[in-house]
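Proteins come first, then strands; the chains are lettered A, B, ... in the order of their sequence lines, and each starts at number 1. Computed over heavy atoms, backbone and side chain alike; hydrogens, waters and symmetry mates excluded.
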Amino acid sequence: MAKKFITELKRTHTCGELTLAEVGQDVVLMGWGMRRRDHGGLIFVDLRDRTGITQVVFNPQDAGGAHDEAHQIRSEYCLALKGLVRRRPAGQDNDKLITGQIEVVVEHFEILGPSQTPPFMLEEWVEVNENVRLRYRYLDLRRPEMYKNLLLRHQTAQAARGHLNGQGFLEVETPFLTRSTPEGARDFLVPSRLSRGSFYALPQSPQLFKQLLMVGGVERYYQIARCFRDEDLRADRQPEFTQIDLEMSFVCEDDVMELTEGLVAAIVEAAGQTMPRPVPRLTYAQAMERFGLDAPDVRFGLELVDVADLVGDAEFKLFKEAVAKGNMVKALNGKGMAVLSRKDLDDLTAFVGTYGAKGLAWVKIKEGLEWQSPIAKFFSAEHQQRLNERLAATEGDILFFGADTPKVVCESLGRLRLELSRRFELTKGAPLTFCWVTHFPLLEYDPEAKRWVAMHHPFTSPSPEDLPLLESEPGQVRARAYDLVLNGSEIGGGSIRIHTQQMQQKLFEALGIDAEEATEKFGFLLEALTFGAPPHGGLALGFDRLVAILAGQPSIREVIAFPKTQKGTCPLTGAPGKVDQVQLLELGLRVEKTS
RNA sequence: GGGGGCGUAGCUCAGUUUGGUUAGAGCGCCGGCCUGUCACGCCGGAGGCCGCGAGUUCGAGCCUCGUCGUCCCCGCCA
């Protein structure tokens with residue numbers, strides 16, 4: 001009587017490890033049947049588990065019973081089998097498989113779990129609609145690529161924990177059910193049954209709690225924390241996402257940045273890649289000036305160049321007026337990109353239009369540095385020559401110009417720069433490229449709310465030397481904040497926090513939050529700051545984004561086991577769903593029909 | 001809230017430009033044959049609310065309007 005699988009017969013090997021070394025051994029494998037190749041006589045099945053694939057053979061001469069039963073095996077049947085590892089016959093090796101020199105001759109097997117015909121083939125060469133994948137995510141996850149992503153996520157998370165543990169950090173959990181605070185993103189709310197009419201909010205980040213942990217003398221805290229923001233989704237934004245959140249007492253900017261570099265290096269190494277250090281630093285002002293964006297992709301050139309001083313007296317009205325108004329006129333040189341067609345240029349014009357640019361002036365540089373452009377006639381030979389020089393133009397280049405408010409010029413040319421690099425594959429094969437962006441503005445003006453709002457968050461410390469400007473020129477005050485940028489994506493950000501009540505109150509005032517509201521919403525923080533709060537600062541890494549980049553994936557959904565669609569739904573569970581009327585009654589809620 | 005792409009067999013797609021008989025392909029699936037395959041091969045077969053709803057028309061997968069789903073982007077995301 002054959003022994004029973006699972007209880008008596010234990011798995012001896014995985015499907016990704018058997019080689020010539022095990023030839024002659026009896027082994028027990030468990031996994032999923034992939035392709036069945038039935039030759040009438042011989043039957044081959046590729047058995048797959050999370051480690052790889054092993055070819056198993058059912059031979060009527062070796063084990064007739066097993067061979068007969070093997071006809072039942074279909075795609076994605078969960079199987080256990082016992083058999084003999086055998087070298088494959090000469091010339092039958094499969095060099096695509098690590099296990100390709102051997103095969104397992106099945107003595108007997110058991111179907112642990114039969115499967116319906118899968119809704120899609122679990123083959124890497126089959127591209128399947130994402131909605132179908134999410135509907136059957138548990139099948140999608142069986143694909144080696146998805147397992148690889150989860151494995152990478154696990155390994156990098158462990159590397160982060162290991163590194164921070166080694167640096168004296170404590171992993172502390174903070175509440176999911178907390179209170180809603182003004183500022184920032186829209187909260188997810190959770191109605192309270194015990195306090196009818198009151199609501200918890202899910203945390204947008206553990207920001208306030210980690211500061212309270214510093215007041216609590218924890219000194220070094222971290223958490224791989226889930227965060228919730230009820231805003232519209234993108235390829236790199238989910239309603240719930242994960243941060244590696246950390247905070248340290250008795251530190252300044254350099255301390256946090258240095259610690260972070262060590263942490264990220266450990267993560268990158270766990271992913272089998274390398275991180276060049278030290279990470280270069282740019283100020284916010286430099287980033288905007290050279291790249292137009294606060295998260296610059298510094299893997300390639302195409303930098304923005306100020307040309308306002310060269311075009312103010314040219315005949316071209318658009319530039320002339322911009323200069324007269326004190327607006328910005330900038331250009332970038334698309335090196336060797338004069339091959340762009342008229343249609344390409346129309347597309348690019350529409351592209352910058354989405355960022356508010358009213359047009360896109362371009363100049364193709366021909367033989368003898370001659371201009372070919374709709375606007376060439378408005379520029380004298382001298383103007384053309386000076387612009388050529390400023391932009392280092394040579395034959396085959398194309399110059400792009402933007403003239404508008406600084407916001408529009410920076411954003412449109414900054415995005416144009418990225419779009420050109422995408423079209424011309426300028427970052428192909430480039431190594432991971434990090435940079436820090438520092439000295440962010442503390443505040444930015446919100447024209448809709450007609451008030452100043454915190455660029456980072458309201459707990460960020462202003463640069464001491466800029467403090468005198470807080471009332472007179474709030475926009476000029478710099479923050480003790482820093483962002484970590486990888487390949488043009490913001491993957492982390494943090495700051496030195498305010499640790500005195502006086503300063504925190506001052507900031508609330510600057511934000512137009514009056515004393516009463518500040519006390520009501522943030523009183524607990526203000527109070528905590530009066531009990532010997534240590535200077536402290538920290539940072540949070542966008543873990544999903546970081547892992548997605550390390551995995552070479554275009555969307556963070558690929559590195560999240562059960563992500564949401566762009567509408568925030570889950571095709572697998574059907575969330576969000578309706579709830580029972582009784583549940584609503586208990587909570588004192590009534591749903592109104594929308595008009 | 002806005003702009004754009006997609007929606008046809010289980011999956012991936014063609015067919016829509018120029019409306020016209022019974023809507024196709026590959027893979028998968030089912031049945032048969034096959035002892036060295038490995039994305040096996042050969043033969044046969046089943047499988048369709050052309051997302052949904054109105055409209056135009058003698059006639060709609062194809063044109064119009066609406067709607068739903070999904071993806072990308074803008075706004076939004078301290």
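Look at CD on Glu127(A): it is 8 Å from P on rC13(B), rounded to the nearest Å. One interatomic measurement links the two molecules: CD of Glu558(A) to C1' of rC72(B), which rounds to 15 Å at whole-angstrom precision. The CD-C1' distance, from Gln116(A) to rG28(B), rounds to 15 Å in whole Å. Atom CZ of Arg415(A) and atom C1' of rC74(B) are 10 Å apart (whole Å). One atom, CD of Gln566(A), and another, P of rG3(B), lie 15 Å apart when rounded to the nearest Å. Between the CD atom of Glu130(A) and the C1' atom of rG7(B) there is a distance of 15 Å, given to the nearest Å. Separating the CD atom of Glu448(A) from the P atom of rC74(B) is a distance of 17 Å, rounded to the nearest angstrom. Note: CG (Asn131(A)) to P (rG51(B)) measures 15 Å, nearest angstrom.
Heavy atoms from other residues, nucleotides or ligands lying under 6.0 Å from CD of Glu444(A) number more than 12. Residue Arg50(A) places its CZ atom among 12 or fewer non-hydrogen atoms of other residues, nucleotides or ligands, all under 6.0 Å distant. Atom CD1 of Ile111(A) is surrounded by more than 12 heavy atoms from other residues, nucleotides or ligands within 6.0 Å. By the 6.0 Å contact criterion, CZ on Phe424(A) is enclosed, its count of non-hydrogen atoms from other residues, nucleotides or ligands being greater than 12.
At a threshold of 4.0 angstrom between heavy atoms, the contacts of Arg557(A) are confined to the sugar-phosphate backbone, with no base atom among them. At the heavy-atom level, Phe459(A) lies nowhere under 4.0 Å from the strands shown. Backbone-only engagement by Val128(A) is indicated by non-hydrogen atom pairs under 4.0 Å involving sugar-phosphate atoms exclusively.
Across all strands shown, the partner of rU70(B) is rG5(B), judged by Watson-Crick or G-U wobble contacts whose two distances both fall under 3.5 Å. Base pairing of rC65(B) is made with rG53(B), judged by Watson-Crick or G-U wobble geometry with both donor-acceptor distances under 3.5 Å. When Watson-Crick and G-U wobble pairs are counted only if both distances are under 3.5 Å, rU18(B) pairs with no nucleotide at all. Summarising the base pairing, rC42(B) is matched to rG32(B) through a Watson-Crick or G-U wobble pair whose two defining distances lie under 3.5 Å. Here rA60(B) sits opposite no nucleotide as a Watson-Crick or G-U wobble pair (both hydrogen-bonding atom distances under 3.5 Å).
Looking at heavy atoms from C-beta onward, Thr99(A) lies out of side-chain contact with His13(A) at the 4.5 angstrom threshold.
If you take OG1 on Thr242(A) and CD1 on Ile224(A), they are separated by 8.5 Å, rounding to the nearest 0.5 Å.
Comparing the P positions of rC27(B) and rG45(B) gives a spacing of 15 Å, expressed to the nearest Å. Comparing the C1' positions of rG48(B) and rC11(B) gives an interatomic distance of 14 Å, to the nearest angstrom. To the nearest whole angstrom, the two C1' atoms, one in rU22(B) and one in rG26(B), are 22 Å apart. Comparing the same atom, C1', in rC63(B) and in rC38(B) gives a spacing of 50 Å after rounding to whole Å. Rounded to whole Å, the C1' atom of rC74(B) lies 40 Å from the corresponding atom of rG28(B). Only the P atoms considered, rA25(B) is 13 Å distant from rG44(B), to the nearest whole Å. Nucleotides rU8(B) and rG24(B) are separated by 10 Å at their C1' atoms, to the nearest Å. Nucleotides rC65(B) and rC6(B), compared at atom P, are 15 Å apart to the nearest Å.
Look at Arg143(A) and Glu558(A) and you find no salt bridge, because none of the NZ, NE, NH1 or NH2 atoms lies under 4.0 Å from a carboxylate O. A salt bridge is absent between Glu130(A) and Arg137(A): the closest approach of a Lys/Arg side-chain nitrogen to an acidic carboxylate oxygen does not fall below 4.0 angstrom. With respect to the salt-bridge test (charged N to carboxylate O, under 4.0 angstrom), the residues Glu145(A) and Lys148(A) do not qualify.
Classification of the Tyr355(A)-Phe351(A) ring pair by plane angle, with boundaries at 30° and 60°, yields perpendicular.
Take the nearest nucleotide of RNA chain B for Pro118(A) and for Ala454(A): the residue whose nucleotide is more 5' is Pro118(A).
Set against rG28(B), rC71(B), rU70(B), the side chain of Lys567(A) has rU70(B) as its closest nucleotide. With distances taken from any side-chain atom of Arg234(A) to the nucleotides rC29(B), rC27(B), rC76(B), the minimum falls on rC76(B). When the nucleotides rC72(B), rC76(B), rG69(B) are ranked by their closest atom to the side chain of Asp232(A), rC76(B) comes out on top.
Heavy-atom minimum distance, Pro60(A) versus His67(A): CD-CD2, 3.5 Å.
At a non-hydrogen distance threshold of 4.0 Å, Arg74(A), Ser75(A) from residues 64-79 of chain A come into contact with RNA chain B. For the segment residues 489-513 of chain A, no residue has any heavy atom less than 4.0 angstrom from an atom of RNA chain B.
A donor and an acceptor atom, one from each side chain of Ser495(A) and Arg497(A), are located under 3.5 Å apart. Of the N and O atoms on the side chains of Gln204(A) and Asp187(A), at least one donor lies less than 3.5 Å from an acceptor on the other residue. For the 3.5 Å distance criterion, the side chains of Ser341(A) and Asp344(A) qualify, holding a donor opposite an acceptor.
For Thr117(A), no side-chain nitrogen or oxygen approaches OP1 or OP2 of rC29(B) to under 4.0 Å.
Interface remark: the Arg229(A) side chain does not form any donor-acceptor pair with the rC77(B) base, using a distance-only criterion of under 3.5 Å.
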Nucleotide-resolved protein contact map, nucleotides 32-45 of chain B, B/S/- at heavy-atom distance under 4.0 Å
--BBBBBBB-----
